[in-house]
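Each remark here refers to the structure printed beneath this line.
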Amino acid sequence: MASEDVVGKSRGDTAVTTIVNLAEEAKLAREGVKGPGHQVLTICKSLVAGGVAGGVSRTAVAPLERLKILLQVQNPHSIKYNGTIQGLKYIWRTEGLRGLFKGNGTNCARIVPNSAVKFFSYEQASKGILWAYRQQTGDEDAQLSPLLRLGAGACAGIIAMSATYPMDMVRGRITVQTDKSPYQYRGMFHALGTVYREEGFRALYRGWLPSVIGVVPYVGLNFAVYESLKDWLLQTNPFGLANDNELHVVTRLGCGAVAGTIGQTVAYPLDVIRRRMQMVGWSHADSIVTGQSKEALQYNGMIDAFRKTVRHEGVGALYKGLVPNSVKVVPSIAIAFVTYEVVKDVLGVEMRISD
């Protein structure tokens, strides 16, 4: 009988505990407090929204992205086009519509996870840095300064770049090859396998150092300038741009365009060097990049690539392709933000990663 009493009491306690837990969950739901499961789902939806926005925005400016890369690696002794319009016309005439979007599939396969990881990493880095800053200063109401936002953006950029760099490396090669190339990469996975088999694992991360160095000012400035400019507009409200402590989507797009332009201009020379280093070791790159020149592509490192590029082509070579890249910045950011907002609303996302 005693054992039966113990079992009965245990069952009774379990039932009471269950009822209490249900009551607590109901209370939290009434108060608008979400459980851990809801938070995980919200994060996943936010990542999906960021990934879709990245893919759609990058596809919209794919022709300009390909032209930028072609201009970056074009040999100065075999120049086929100088400007954006001329370059796009040349690609259309020689390769057709598909030529304008060559490498975009690989690019999207890279940019979708890159965009999702970047925004999520920035959110988490911002929270961590803000917590540490408040602990250090003892001010619980302290907010992120532009410098701290720069640091959070740099962390996010490094994480996202490192996670997807092999895809970016082969994307550059797929983008510059033409129908007349002696060897054709058939796609991202074929390119990854070929590079790994013929050049080794380290080749997949060739150019990683200038990429990471370039990401620090680019992504860092992107987030820092965007959020700082947005905060300044909300506080000062010039020309009545802020309404109920919110900025119109057009104003947000303008903030993003300014941030993107500043960031990519500062980091662009490193992007050029990164692309050139990615061509090293590719036995068929000479016919694509060097044109009629017989000089092979050989760089011993980032500093050597900088030195040879400036010595043979001048400082201006470090900004080859800057115009088409600048032209694509504004529409790319605009489409990314609009797409993100639409997908966020469709999925019912309550957390905005970029804020």
Side-chain angles (χ1 to χ4, degrees), residues 39-58 65 106-133 144-172 188 192 201-228 256 259-260 262-264 266-268 270-271 273-275 277-278 302 329 332-333 336-337 339-340 343-344 349 351-355:
Q39 294 176 356
V40 172
L41 182 60
T42 299
I43 291 173
C44 292
K45 288 180 178 181
S46 299
L47 291 172
V48 170
V52 171
V56 172
S57 63
R58 190 53 61 97
E65 177 68 16
T106 306
N107 195 22
C108 286
R110 176 191 69 89
I111 202 64
V112 169
N114 181 282
S115 179
V117 171
K118 180 172 63 179
F119 280 113
F120 180 73
S121 297
Y122 176 76
E123 174 71 16
Q124 299 307 308
S126 296
K127 290 179 180 179
I129 291 174
L130 181 59
W131 177 85
Y133 181 66
L144 288 173
S145 66
L147 184 60
L148 294 178
R149 287 170 177 161
L150 178 66
C155 292
I158 292 173
I159 293 172
M161 170 64 73
S162 300
T164 60
Y165 189 80
M167 288 184 286
D168 180 70
M169 191 272 185
V170 299
R171 192 260 302 193
M188 180 182 66
L192 285 169
F201 177 78
R202 292 184 63 182
L204 294 173
Y205 280 89
R206 187 174 287 129
W208 176 82
L209 181 59
S211 299
V212 168
I213 296 175
V215 152
V216 170
Y218 178 66
V219 179
L221 284 172
N222 208 338
F223 280 111
V225 174
Y226 172 72
E227 294 202 346
S228 298
I262 293 174
Q264 64 101 23
V266 171
Y268 195 79
L270 288 160
D271 190 49
I273 296 303
R274 169 175 65 120
R275 291 297 175 199
M277 290 182 67
Q278 288 175 349
M302 182 180 69
V329 164
S332 177
I333 291 178
F337 271 91
T339 304
Y340 176 77
V343 177
K344 178 176 70 85
V349 178
M351 180 182 69
R352 181 172 300 177
I353 301 180
S354 59
D355 282 354

Interatomic spacing from CZ in R58 to CD in E65 - rounded to 0.5 Å: 5.0 Å
Provide the closest heavy-atom pair for R149 versus A224 in the form atom of the first, atom of the second, distance. CB-CA, 3.9 Å
Determine, stepwise, if the pair L209 / M277 fulfils side chain to side chain contact (heavy atoms under 4.5 Å, CB included). CA-CA 10 Å; L209 181 59; M277 290 182 67; over 6 Å; no
pair L270-M302: side-chain heavy atoms closer than 4.5 Å: yes
Does the side chain of D168 come within less than 4.5 Å of R274's, by heavy atoms? yes
When every non-hydrogen atom of G55 is compared with those of C108, the smallest separation belongs to O-SG, 3.8 Å
Which heavy-atom pair separates G260 from Y218 by the least distance, and what is that distance? O-CE1, 4.1 Å
Assess whether side chain to side chain contact (heavy atoms under 4.5 Å, CB included) is satisfied between F120 and I43, documenting all intermediate values. CA-CA 8 Å; F120 180 73; I43 291 173; 3.3 Å; yes
Nearest heavy-atom neighbours spanning S162 and W208: OG-NE1, 3.2 Å
Here the gap from L204 atom CG to L192 atom CG, rounded to the nearest 0.5 Å, amounts to 6.0 Å
Among V215, I159, I111, V219, find the residue that satisfies the side-chain contact (heavy atoms from CB on, under 4.5 Å) test when tested with K118. V219
On a heavy-atom basis, the closest approach of P217 and V266 is CB-CG1, 3.9 Å
Given side chains that start at C-beta, do those of Y165 and M169 come closer than 4.5 Å, heavy atoms only? yes
Note: L221 and L150 closest approach over all heavy atoms is N-CD1, 3.4 Å
